[in-house]
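Chain letters run A, B, ... following the sequence lines, proteins first and then strands; every chain starts at 1. Basis for what follows: all heavy atoms, side chains included, without hydrogens, waters or symmetry-related copies. Computed from a predicted model, the values in this text were never measured in an experiment.
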There are 2 protein chains.
Amino acid sequence: MTEAGVTGLSLAEVARRLGVQPPSLYKYFPSLMSVYDALFLRGQREHLQAVRDAMTPAEPGLDAIRAGLDAGGRWCLEHRALAQLLFWRPVASFEPTPEALAPSNEMIALIRDQLVRAVATGQLGPAADSDEAVALISILTAGTLGQAMANEPQLGWGESRFSALFPTLIGLLPAAYPPVGNIPGEEPTGSSS
Amino acid sequence: MTEAGVTGLSLAEVARRLGVQPPSLYKYFPSLMSVYDALFLRGQREHLQAVRDAMTPAEPGLDAIRAGLDAGGRWCLEHRALAQLLFWRPVASFEPTPEALAPSNEMIALIRDQLVRAVATGQLGPAADSDEAVALISILTAGTLGQAMANEPQLGWGESRFSALFPTLIGLLPAAYPPVGNIPGEEPTGSSS
DNA sequence: GTCTATAGCCTGATAGAC
DNA sequence: GTCTATCAGGCTATAGAC
């Protein structure tokens, strides 16, 4: 996929590189699409693990979000073709099975959990505990990755001028969801409990 | 491309739908890649025109950026396959010719111009007149579009919960590039002219 | 679990008649 | 400018021997 594009994957070429004949592969995978599905599942799991591992030691809240997604971004640029299969769906005839999609739900839960922490510690306002905030964060992440991949095909996460902006972008979240009582000249509003 | 994916475009199918035989197409295009290049150029021009048309009547500065890129986003979701060819480069063996890439430079100039206006009118701080700010805006735009395309393949710009966040995202620019003198409790810094 | 053989498709591209 | 005919190759997938 790295060499021929995600859609360029072919069982014949896989067999060639394994040193076997194409029909042999059908003992392991019933179809080309099942190979995509296996790659999809493996990719989702690895990506999720990379994000989780980076989140765990970080300070809960915004720092954990930044650290986790930063690691996720690094993983994506280190596995570009796989990341494209996961997050841009370039193979028109491929629909991942529900099992392969499961880690993606865990990923959303991971972010949501840290948003709750950020609200609890006063880093963000209560509106940040929402699907909308998760969507906003996914825009920032996917946007950074998409621009890096399309415009800097040679550069890793550490060299990209787009990924360099990612901490700044996460730093804008408090402006989007201002903590109550932190806006000079305005009275705090919202629940008093 | 809409039906079979960007990489699924084939001259044989084009000929079939035109009601001609495949060799006839070679009188107009020397190769499949030259067809991609023609599509790329046409797409870039149409997209640029859509953005320009929406910018012109708007208030210069942030409003023009928001209006232009909003129209650009709408164009992209109305021409999804073409937009993918333009901005995500899914065809590994296709490299656009310099002529086909020219409108993209005009696009950058268009944004940069409005950033200058935004700085001049005090909507943004002087640091917004930079390649970095253009990159940041491109992240917000590509991120919104990418998430809308990947997760809401059926919805247009008007129905997308991602595109609904786009005005908010543009509204964060003043937080990223705060206008001088607008930060309570801090003294204005920078050039005094 | 690997192979040979093959069916049945598809593709981009060229030669040369009309 | 369109066609027929064709080259030369690719692919997924199956049948069935070993």
Which atoms of nucleotides 10-12 of chain D (N or O only) lie under 3.5 Å from a protein N or O atom, and what are those distances?
unit_1: D:dC11; atom_1: OP1; unit_2: A:S10; atom_2: OG; d: 3.2
unit_1: D:dC11; atom_1: OP2; unit_2: A:R16; atom_2: NH2; d: 2.9
unit_1: D:dT12; atom_1: OP1; unit_2: A:L11; atom_2: N; d: 2.8
unit_1: D:dT12; atom_1: OP2; unit_2: A:L11; atom_2: N; d: 3.3
unit_1: D:dT12; atom_1: OP2; unit_2: A:A12; atom_2: N; d: 3.0

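Under a 4.0 Å N-O distance rule, the pair B:R74/B:E159 does not qualify as a salt bridge.
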- [ ] Begin with the C-alpha distance, continue with both residues' side-chain angles, and end with the deciding distance and a verdict on side-chain contact (heavy atoms from CB on, under 4.5 Å) for B:L165 and B:R161.
- [x] CA-CA 7 Å; B:L165 290 172; B:R161 69 192 180 97; over 6 Å; no
Open item on the list: Checking B:L69 against B:L140 for the side-chain contact (heavy atoms from CB on, under 4.5 Å) test, could you report, in this order, the C-alpha distance in whole Å, the side-chain angles of both residues, the deciding distance, and whether it holds?
Closed with: CA-CA 10 Å; B:L69 295 184; B:L140 303 180; over 6 Å; no
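Each of D:dT2, C:dT4, D:dC3 was ranked by its minimum atom distance to the side chain of B:K27; first place goes to D:dT2.
An OP1 or OP2 oxygen of D:dC3 is reached within less than 4.0 angstrom by a side-chain nitrogen or oxygen of B:S24.
Between the CG atom of B:L18 and the P atom of D:dG1 there is a distance of 15 Å, rounded to whole Å. Atom-to-atom, CD of B:Q21 to P of C:dA17 comes out at 19 Å; the value is rounded to the nearest Å.
Checking side-chain atoms of B:T121 against main-chain N and O of B:A118 turns up a donor-acceptor pair under 3.5 Å.
If you check every strand for non-hydrogen atoms under 4.0 Å, B:F29 touches nothing.
For residues 49-64 of chain B, the pairs satisfying salt bridge (Lys or Arg N to Asp or Glu O under 4.0 Å) are B:R52-B:E106, B:D63-B:R66, with sequence neighbours left out.
Around CZ of B:R42, the count of heavy atoms belonging to other residues, nucleotides or ligands within 6.0 Å does not exceed 12.
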